[in-house]
Amino acid sequence: MPNNKELHRYLFGFYKKGNMRFISHLDLQRLFKRCIKRAGIVPAYSNGFNPHEKINIVHPLSLGFETEQDYFELDTEQPYEESRLVEGMNLALPEGIRFTFCREIPYSSRNSSSITEMSLYEAFLPSSQNLNTEGFIIQDEVKILKKDKKTKKMVEKDVKDWIGRLELLEETEEGSRLSLLLRSAPNETLNPASLLESLCAFSGSPFDREALRVVRKDLFARKDGQLVSLSCYYTQED
Amino acid sequence: MSNVQKQLDKLLLKVEKPARYIGGELHSIAREPLPGTVRFAFCFPDLYEIGMSYMGLNILYHLLNKTDHTYCERCFTPARDMMAAMKAADVPLFTLETKTPLKEMDFVGFTLQYELSYSNILAMLDLAGIPVLSKDRTEADPIIICGGPCAFNAEPVADFMDVILVGDGEELLPEVCRIRGEFRRAGKTKQEFLAEIAKLQGVYIPSFYGEIRDEKGTFRGYRKLREEAPERVLKAIVHDIDTVDFPKELIVPLIEVVHDRSVAELFRGCTRGCRFCQAGMVYRPVRERSEEKVLDIAKTQLENSGQGELSLLSLSTSDYTHFEPLVTDLMEYCKQHQVSLSLPSLRMDNFSFKVLDEIQGVRKTGLTFAAEAGTQRLRNVINKNITEEHIFTALRQAFDLGWTSVKLYFMMGLPTETYEDLDGIVDLAKRIMDLAKEHNGGKVGRYSVSVSVSNFVPKPDTPFMWVRQNTPEEFEQKHYYLKDRLKKIKGVNFRYHGSYASMLEAVFARGGRELSAVLLRAYELGAAFDAWTEGFRQDAWEQALAENSIGADYFALNDIDPDAPMPWEIVDCGITKEFFQREWKKAQEAVTTPDCRLGCNGCGVNAHTECRWGGIYAE
Ligand code: SF4
């Protein structure tokens with residue numbers, strides 16, 4: 001399929017909640033491909049010996065996290081009505097995953113993953129108390145353990161620059177609720193679990209990775225120096 | 001939220017592929033059951049990925065959930081890591097749909113697809129906290145029921161089962177569930193219920209029969225313990241499969257499973273009469289679904305799911321009466337909708353080539369021949385109707401059309417097999433490579449032949465049911481023999497299976513009730529997932545067999561007297577013993593039996609239902 005042809009790009013918002021948090025990125029991709037087929041939408045295909053649908057899930061979540069607003073991009077050759085796309089894509093979804101909107105955005109060789117900078121999360125840590133978020137944040141270096149991509153070993157890394165906000169929302173007997181704005185950019189992604197683990201260690205509080213609940217609230221890109229939600233990044237003027 | 005769900009939230013992040021345990025797939029049915037509903041847990045004794053690829057589950061799930069009396073949910077064997085996590089956290093085995101503990105079900109039903117899944121049945125009952133032995137269960141426990149191909153000899157699991165359903169389940173299972181609801185409402189006991197359903201064709205209540213053994217402990221038949229029980233249990237037969245509803249909405253798995261595709265069943269049964277094939281015998285007679293229905297099922301399923309693959313289900317697919325027009329229509333549809341079509345067990349004739357060429361396009365996958373044996377003599381013994389001429393005519397055409405890889409399937413240890421037959425395999429592979437080279441200017445190039453050998457397992461209700469199996473040592477010798485010779489041919493690769501597992505398979509295929517104790521013991525010693533090479537616990541099985549004084553020379557490795565009573569004869573598969581004996585005799589003389597369509601071979605199934613195939617293509 002010739003690449004020079006004008007393609008249409010659609011940006012979808014979707015949520016993924018409850019048990020659907022256990023669906024991996026690859027499974028989600030397969031699911032969305034089935035939705036496309038089920039809806040009778042004809043996607044654009046990549047070139048090459050083994051062409052595949054031109055789709056993109058923007059900064060896919062880690063297995064086990066929920067999301068209230070994530071994004072999915074789909075390229076097509078022919079134009080579609082946005083509302084029909086949402087309707088069609090929602091026909092074959094399991095409960096817990098839904099597309100919430102669809103908007104045509106200008107086609108570009110760069111996708112929305114490459115312009116995204118930050119993710120906003122809300123986390124609940126059962127049985128973690130007395131978290132010293134302020135002390136943690138004002139350290140000169142905020143270190144986490146991160147897997148080195150090449151050596152596959154866990155190494156310490158300073159991620160201070162990757163933290164936009166770390167705020168304790170509420171602390172009860174049941175645990176602590178926090179809001180986190182963290183870097184989500186190509187090759188620079190800070191996983192909230194790693195940061196929270198480090199925070200708990202710093203505060204001398206227990207950390208239970210398996211009991212941690214994380215919900216992503218939204219993804220943000222920078223426009224005119226301001227962080228804006230991806231859902232309003234592409235406005236009319238573009 | 002159910003209790004189990006809350007506990008699960010804590011477990012699922014610890015285990016591999018947590019989505020195996022969450023349910024919630026498209027077309028799965030999660031609902032709050034009305035009071036009085038009969039609750040059925042359909043259990044597949046293997047991993048989710050295996051069980052979800054099995055069409056029978058979808059058929060019965062659909063049929064039960066369509067009734068107004070029963071709610072059917074699913075359950076699979078949790079992988080070992082999940083089993084351990086559940087035990088540690090005291091989470092009982094639950095249904096995927098509503099996360100209800102199996103213990104609270106009215107029925108816990110197992111499908112018996114292969115013998116090597118039996119230990120998983122025990123694992124599942126154990127995880128569910130249900131007493132594994134039928135005699136230890138009370139009114140409060142669910143009724144444990146099973147069905148599927150291995151139900152034709154379910155004696156090795158009979159002590160664990162309250163009810164065994166034999167034959168086609170589409171009409172029988174809903175009826176059994178309906179009666180259960182009625183009897184429960186009337187306050188009747190489990191025993192009363194069992195006595196009632198024992199009257200239905202296809203229902204076998206193992207506790208209604210006692211074994212007769214002579215002073216040496218040899219099995220001599222069964223004694224009826226209850227008036228209601230029939231002398232023998234005749235399999236249930238759906239006379240016209242076109243009238244039973246086939247699902248148009250398959251459950252669409254959220255994770256990758258073995259087969260993730262739409263499936264339409266073409267027909268049940270087979271007229272070819274391969275002597276090793278149990279399915280080809282016990283699912284007689286052939287019953288076809290109409291072309292119209294098949295097309296409608298296939299299209300609706302694809303439309304409802306968005307799946308990218310369609311497969312047709314049957315033995316010997318090309319035998320379908322309207323095969324060419326049907327496949328032509330389907331190909332057209334699939335092409336339009338970018339769906340790939342897969343047609344298993346095709347006969348290699350001109351039409352098949354046209355079809356394969358079209359559906360495989362430029363990226364041709366391998367061409368498969370189930371030759372089963374290396375010489376014509378042995379192929380005659382097993383009544384496998386394929387000749388070298390067929391193979392080579394097909395291959396010439398295939399190489400011309402651009403195929404480069406050929407897969408050959410054989411069975412090893414077939415009755416009367418000698419090393420000459422093994423040489424036949426080597427010879428065949430060699431001559432195919434020679435032909436390939438001829439097509440490729442004398443070079444091997446991209447051409448390849450893969451030779452896959454499985455170990456012959458004698459099955460009940462086949463003409464080979466009395467035959468001794470090769471010992472694991474004999475199998476291994478033969479594997480080495482072949483390996484040595486095949487590796488000398490460039491372009492040929494060789495695959496074979498473990499022999500100890502094949503022996504176990506034969507032991508359980510033909511064994512009797514004494515094997516329940518062996519199963520229990522092997523499970524205690526750690527056996528589970530025996531169909532998997534990884535983690536197969538041969539030591540557990542060896543010990544369990546030894547402790548129960550069942551030597552390797554039990555059924556598997558001894559010839560059986562064709563006149564002796566056999567444990568599986570409590571079930572009548574519809575085919576007469578005389579037919580099997582006649583076929584066995586012909587096999588020993590290497591005499592073939594033609595396809596039923598050229599003339600009825602008198603198997604006897606038409607005494608129980610209409611068989612309209614005898615001689616339809618006779619001259
Ligand atoms: S009744 Fe005759 S035609 Fe029908 S399956 Fe048996 S042998 Fe074949």
Side-chain angles (χ1 to χ4, degrees), chain A residues 1 16-45 48-53 55 61-66 88-98 124-127 175 193 197 207-214, chain B residues 1-2 4-31 48-49 82 85 89 96-99 249-257 260-262 300-310 334 336-340 362-363:
Chain A
M1 223 155 280
K16 179 166 165 249
K17 290 182 185 164
N19 274 335
M20 291 303 139
R21 69 185 187 280
F22 295 112
I23 300 301
S24 72
H25 169 52
L26 279 178
D27 293 327
L28 193 65
Q29 258 182 339
R30 291 183 329 114
L31 173 64
F32 288 174
K33 284 183 195 170
R34 279 197 302 268
C35 290
I36 294 170
K37 215 173 195 116
R38 165 79 169 87
I41 301 164
V42 186
Y45 282 86
F49 184 65
N50 200 354
H52 52 265
E53 295 92 338
I55 57 172
L61 271 181
S62 305
L63 189 87
F65 293 173
E66 295 172 86
M89 289 293 284
N90 277 335
L91 286 174
L93 283 174
E95 210 178 293
I97 303 182
R98 278 281 170 286
F124 182 67
L125 289 113
S127 69
E197 183 169 16
F207 176 76
D208 181 357
R209 175 72 183 85
E210 269 113 30
L212 170 71
R213 294 294 289 255
V214 174
Chain B
M1 207 193 301
S2 82
V4 171
Q5 178 69 57
K6 273 186 224 145
Q7 291 173 292
L8 264 187
D9 282 345
K10 292 190 194 132
L11 291 191
L12 288 180
L13 275 177
K14 295 185 200 173
V15 299
E16 263 179 61
K17 302 202 186 163
R20 285 167 172 163
Y21 313 108
I22 61 175
E25 309 93 323
L26 181 69
H27 301 150
S28 65
I29 297 165
R31 63 179 176 219
Y48 177 91
E49 294 94 309
M82 182 65 170
L96 292 192
E97 279 76 359
T98 59
K99 315 287 183 290
E249 293 189 333
L250 302 188
I251 302 169
V252 187
L254 287 162
I255 59 172
E256 218 158 351
V257 299
D260 186 359
R261 58 195 189 185
S262 293
T300 327
Q301 272 185 21
L302 287 167
E303 272 159 28
N304 285 337
S305 69
Q307 277 166 321
E309 188 182 340
L310 169 69
C334 288
Q336 267 173 25
H337 294 80
Q338 309 238 1
V339 169
S340 67
V362 281
R363 285 198 291 148

Discussion item. Given heavy-atom pairs under 4.5 angstrom as the criterion, report whether the side chain, backbone, both or neither of Glu95(A) touches chain B.
Written reply: backbone
Worksheet, complete the sentence: In short, Pro94(A) meets Gly24(B) closest at the heavy-atom pair CB-O, 3.0 Å
Response to the item:
Max heavy-atom pairs within cutoff under 4.5 Å with chain A, candidates Gln338(B), Lys17(B), Glu25(B), goes to Gln338(B)
Fill in: Residue pair Leu26(A), Glu256(B): steps toward the side chain to side chain contact (heavy atoms under 4.5 Å, CB included) verdict
CA-CA 9 Å; Leu26(A) 279 178; Glu256(B) 218 158 351; over 6 Å; no
Worksheet entry | Heavy-atom contact with chain A under 4.5 Å, split by part of Asn304(B) | both
Practice prompt. Answer whether the closest heavy-atom distance between the side chains of Gln5(B) and Asn19(A) falls below 4.5 Å.
Written response: yes
Practice prompt. Please look at His337(B) and chain A and tell me whether the side chain, the backbone, both or neither of the residue comes under 4.5 angstrom of a heavy atom of that chain.
Written response: backbone
Worksheet, complete the sentence: So CG of Leu12(B) and CZ of Phe22(A): to nearest 0.5 Å the spacing works out to 4.5 Å
Worksheet item: Given Arg38(A) and Leu26(B), is the side chain to side chain contact (heavy atoms under 4.5 Å, CB included) satisfied, shown in steps?
Response: CA-CA 12 Å; Arg38(A) 165 79 169 87; Leu26(B) 181 69; 5.6 Å; no
Practice prompt. Sort Glu303(B) into side chain, backbone, both or neither according to what part of it lies under 4.5 angstrom from a heavy atom of chain A.
Written response: backbone
Practice prompt. Assess whether side chain to side chain contact (heavy atoms under 4.5 Å, CB included) is satisfied between Asp27(A) and Ile255(B), documenting all intermediate values.
Written response: CA-CA 6 Å; Asp27(A) 293 327; Ile255(B) 59 172; 3.2 Å; yes
Worksheet item: With only heavy atoms counted, which part of Ala92(A) is less than 4.5 Å from chain B, the side chain, the backbone, both or neither?
Response: both
Discussion item. Let's test your reading of the structure: which of Gly308(B), Pro253(B), Ser305(B) forms the most heavy-atom pairs below 4.5 Å with chain A?
Written reply: Ser305(B)
Item to complete: Identify whether the distance between the nearest side-chain nitrogen and carboxylate oxygen of Asp9(B) and Arg21(A) falls below 4.0 Å.
Response: yes
Practice prompt. Select one option (side chain, backbone, both, neither) describing which atoms of Leu63(A) are under 4.5 Å from chain B's heavy atoms.
Written response: both
Worksheet item: With a cut-off of 6.0 Å (strictly less than), are more than 12 heavy atoms of other residues, nucleotides or ligands near CD of Gln336(B)?
Response: yes
Practice prompt. Please lay out, stage by stage, how Lys10(B) and Asp208(A) fare under the test side chain to side chain contact (heavy atoms under 4.5 Å, CB included).
Written response: CA-CA 10 Å; Lys10(B) 292 190 194 132; Asp208(A) 181 357; over 6 Å; no
Response to the item:
Counting heavy-atom pairs under 4.5 angstrom with chain B, the leader among Met20(A), Arg34(A), Arg209(A) is Arg34(A)
